[in-house]
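Only one structure is covered here, and it is reproduced in the block below.
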Protein chains: 2
Amino acid sequence: MPVGLNPDEHELLARIAYRSYVDARTQEQIAEEFALSRPKVGRLLERARATGVVDIHIDTPRGLDLDLEDRLAEAFGLRHAIVAPAAEGAAEQRTLVGRSAARYLERRLTDGVRVAVGHGRDLAALAGAFRGPAATGCVFVSAMGGSPLVDAPTNPNEIARALADASDGTAHSLYAPAYVADGQVRDQLRQQDAVGRVFDLAAEAALALVGIGGTDDGCTMVRSGCLSAAEIARLRARGAVGDVLGTYVDASGRAITAPHLERVMALSLEELRRIPAVVAVACGPEKPLAILGVLRAGIVDALVVDEPNARAVLELVVTDRAEGS
Amino acid sequence: MPVGLNPDEHELLARIAYRSYVDARTQEQIAEEFALSRPKVGRLLERARATGVVDIHIDTPRGLDLDLEDRLAEAFGLRHAIVAPAAEGAAEQRTLVGRSAARYLERRLTDGVRVAVGHGRDLAALAGAFRGPAATGCVFVSAMGGSPLVDAPTNPNEIARALADASDGTAHSLYAPAYVADGQVRDQLRQQDAVGRVFDLAAEAALALVGIGGTDDGCTMVRSGCLSAAEIARLRARGAVGDVLGTYVDASGRAITAPHLERVMALSLEELRRIPAVVAVACGPEKPLAILGVLRAGIVDALVVDEPNARAVLELVVTDRAEGS
DNA sequence: CCGACACCTGAGCATCCGCTCACCACTGAG
DNA sequence: CTCAGTGGTGAGCGGATGCTCAGGTGTCGG
């Protein structure tokens, strides 16, 4: 199997590797046995690994592609990238992503951490799969208003509540709609003590948990009635590819300011950027561009996605680069 | 593949193993990434190895069985056991054993080491495959007399000469026959300066190189005319299974003293025992019992054999033990 | 034949790793 | 409910490992 190695060398490498890996001898002992210097044994072992005489195989659970995760993390400077295995149906896919995200969040939480919580079906899936982590006393705060038009479990309040219940923590609900008529109403609302205080709590969270929304007509923002089909179309026309907490970005990660932005009742991109760690969750076939845009906005610290999206996003980066920036 | 492991645990082990083995991260870095303590990561890695999540495979050259070598070394308390791959014909087998022995000796020699040299076709094969080792100034001394009846290359003098030439060392020949008429002649010869000095040199060697002879009618001692067919038959009747430098042993490793012993012009078993390291080489289908006996004599430090002999000898130990000793 | 270059080698050192040992949470029996 | 037993956890330490660097050796071109 190993090429470019003469038989004697191959044999020596195999012998030394055997002592090291099978018999668990120290390099010093091996050096003694083969009448070599200790560093020499170290180099031979390194060489055995490099030439494939020693083959280390990791039995990865079915569907888990760690290399893909690394490339994703590398491409966007993420601290963590979690890729959930591909699944057949949309619902199954969301379940898998939710589960992966839940496991990740459980590992990541430490005692008393405050978490700002966004909305969407992907976060709802996370909450559904969330089991008690080792950490206790975590505080989950809505980072966005709610909407009565969609399934309750996808609203931030419900998600925060579910997370708090599962982890023996506390939840802070935001009693405000996600979208209001105009900027003036929003500002008034935010001045309300019950609303403003929750926003302040969210803005100072140590961790934010957000979904990544698309700009198709079936996206959460439209389904929840925050935006009309005409409004989302206008956003698309302005280059919007996706949103985080109601703030839309274009494919290069720049926020689209006009004119809906002031009506959103949620943490802004700038507030999000000040939160030390932002965990984004996304899945679904309509999301690649949205994920690309949000990742390029540079606010995301960790990403949980399904495998098709992961591949698609990396593909987009490559084609983008090929076209020149 | 790994059993008794729940999926989440499997995934975690795979992730950690990937970081450790593929990305070559330190346990500290991994601990940081997964929010675990450093020792915990170490234990998980150990667990990953134990459960087979991490599978380390060593690509051994075809025919090399390192486990067999270990069992052989273990069974007889050898410092080294080298097993050459099995081959079809007797000549091919001897070539392979000779090559393995040569490589081994090359590694083992250090500058200026004095080596006592025996006789036989196996050692001749070693000499034929011997290339210059790193060591220089080695001294090769015949530890046994010669015989004009067999191929010259199997005599100690020739072997010592070949080894010396190939390694830029010196050879000391023993100008005496391997077998003489009776003990009196032997003693007289050993008192000759030219003979006695070489014996003394050999007896104080740091390393001895010997073949293991059988007790069949075609063994080297008979072929070389040292013993007649009748004599070897008498030795067999006394329990002899093999010889080292003309000294025969039985299956439990005891030397057969009567009556040929005093006629041998070679280092005795006791002299051999005083040499710090004795390397024995053996091959051929008639040898298993001979090897067993010689190994049990407790003089051998390192053994080079063909694979069939290695297996046969281990088999003999097992059956012996089963029958009770 | 000689000099320059590259490669390999082994010493020394900072870091990393595995082991031991208290300590703690959980469990099951009294 | 209490308490001994058990399994797991992280601190601390000594040995093991990987890295850097100076020195030496082989090789190739001049």
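What you see below is based on every heavy atom in this structure, not just the backbone, and it leaves out hydrogens, waters and symmetry mates. Below, read A as the first sequence line, B as the second, and so on, with proteins coming before strands; counting in each chain starts at 1. All of these numbers come straight from a predicted model, not from anything done at the bench.
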Inset, instruction - Check the pair Y104(B), H80(B) against ring pair (Phe, Tyr, Trp, His ring centres under 6.0 Å), reporting the backbone distance first and the verdict last. - result: CA-CA 9 Å; Y104(B) 174 71; H80(B) 302 278; 5.4 Å; yes
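- Summarising the geometry, the separation between CD on E46(A) and P on dC8(C) is reported as 12 Å, rounded to the nearest angstrom.
- Closest to the side chain of P39(A), from the set dT9(D), dG10(C), dG18(C), is dG10(C).
- Looking at R43(A), its side chain has no donor and acceptor atom pair within 3.5 Å of the base of dG18(D).
- Checked by atom type, the side-chain pair Y21(A)/R49(B) shows no donor-acceptor distance below 3.5 Å.
- Spacing between atom CD of E28(A) and atom P of dG10(C) amounts to 13 Å, rounded to whole angstrom units.
- Within the 4.5 Å cutoff, side-chain heavy atoms of D301(B) are placed close to those of R108(B).
- One atom, OH of Y21(B), and another, P of dT17(D), lie 13 Å apart when rounded to the nearest Å.
- Of the side-chain N and O atoms in Q29(A), none sit less than 4.0 angstrom from OP1 or OP2 of dA16(D).
- Minimum atom distance to the side chain of T26(A) is reached by dA16(D), of the listed dC17(C), dA16(D), dG10(C).
- Regarding R25(B), its CZ atom lies at a distance of 17 Å from the C1' atom of dT15(C), rounded to whole Å.
- At dG18(C), one or more side-chain N or O atoms of Q27(B) fall inside 4.0 Å of OP1 or OP2 (strictly under the cut-off).
- The side chain of R38(A) sits closest to dG12(C) out of dC17(C), dG12(C), dG10(C).
- Across the protein-nucleic acid pair, K40(A) atom NZ and dA16(D) atom C1' stand 20 Å apart, rounded to whole Å.
- Taking D8(A) as the reference, R103(B), R131(B) meet the salt bridge (Lys or Arg N to Asp or Glu O under 4.0 Å) condition, with sequence neighbours excluded.
- Regarding L45(B), its CG atom lies at a distance of 9 Å from the P atom of dC17(C), rounded to whole Å.
- When rounded to the nearest whole Å, the span between CD of E32(A) and P of dA16(D) equals 13 Å.
- Atom CG in L44(A) sits about 15 Å away from atom C1' in dT17(D), given to the nearest Å.
- With respect to the salt-bridge test (charged N to carboxylate O, under 4.0 angstrom), the residues E9(B) and R47(B) qualify.
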